[in-house]
Amino acid sequence: MTAKSMKELEAMLMKQAQKAMQVTQKKAEADMFESVGGFYTGGEPELYERTGALVNTPSTSPISSGGNSVSFKAYLNENHQYTTGKNPNMKDILNLTNYGMTNSSVGKLRHAVGKEGYWEEAKQNIEKDFKETMGKFFK
């Protein structure tokens, strides 16, 4: 298809960008679930029972577009509230499980047994997927 004006060309490019972002979003979700799920491969706890709530935290916002941009946000949902132990909030749990931080809004938390660094891994994979997808859509 050939654009007959700059406005038509911009519309065509935005349509392609939206399609590319949909593909990237699906890949990002898969990357996050895989990386977060990888936390559980780092050993089995002996002092506490796992709830599995961490694997429910990956999320993305709806794709938005306006002007000359198309975007979505990939994040770990901090809305879950634990009802065990000291009742830490999800942000504290994410810091503890991903970075090993033990200070929280409810005091010191016991170390969580698992593979840390899953969020950094997910972000790297999302960036790689974004570049690869954009390269395929915009050769």
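- A single hydrophobic cluster is seen to contain both L13 and I63, as judged by linkage of ILVMFWY side chains at heavy-atom distances under 4.5 Å, directly or through other members.
- How far CG of D31 is from OG1 of T24: 10.0 Å, rounded to the nearest 0.5 Å.
- Hydrophobic clustering (side-chain heavy atoms under 4.5 Å, transitive across Ile, Leu, Val, Met, Phe, Trp, Tyr) keeps M21 apart from M12.
- Of the residues listed (M14, Q22, K15), the one engaging V70 in a side chain to side chain contact (heavy atoms under 4.5 Å, CB included) is M14, and it is the only one.
- I126 and F137 fall into different hydrophobic clusters, where Ile, Leu, Val, Met, Phe, Trp and Tyr side chains are chained together by heavy-atom contacts under 4.5 Å.
- E8 and A3 get closest at one heavy-atom pair: OE2-CA, 3.4 Å.
- The main-chain N or O of S61 is found under 3.5 Å from a side-chain atom of Q25 such that the two form a donor-acceptor pair.
- Using a 4.0 Å cut-off between a side-chain N of Lys or Arg and a carboxylate O of Asp or Glu, K131 and E127 qualify as a salt bridge.
- Grouping the Ile, Leu, Val, Met, Phe, Trp and Tyr side chains by contacts below 4.5 angstrom, directly or via other members, places L94 with V55.
- Within the 4.5 Å cutoff, no side-chain heavy atoms of S59 are placed close to those of L76.
- With a 4.5 Å cut-off on side-chain heavy atoms, L54 and M90 count as touching.
- In the hydrophobic clustering of this structure, Y75 does not group with V36; members are Ile, Leu, Val, Met, Phe, Trp, Tyr whose side-chain heavy atoms approach within less than 4.5 Å, directly or through other members.
- Between M32 and Y118 there is no side-chain heavy-atom pair separated by less than 4.5 Å.
- Side-chain contact between K19 and Q16 is present, with at least one heavy-atom pair separated by less than 4.5 Å.
- N98 places no side-chain N or O within donor-acceptor distance of the main-chain N or O of E116, the cut-off being under 3.5 Å.
- Of the inter-residue distances, the one linking K91 atom NZ with L96 atom CG reads 14.5 Å to the nearest 0.5 angstrom.
- The pair K123-E120 meets the salt-bridge criterion, since a charged nitrogen lies less than 4.0 angstrom from a carboxylate oxygen.
- Counting only heavy atoms from C-beta outward, the side chains of T97 and W119 never approach each other to under 4.5 Å.
- For K136 against K139, the heavy-atom pair with the smallest separation is O-CE, 3.5 Å.
- Among all heavy-atom pairs drawn from A20 and T133, the shortest one is O-CG2, 3.4 Å.
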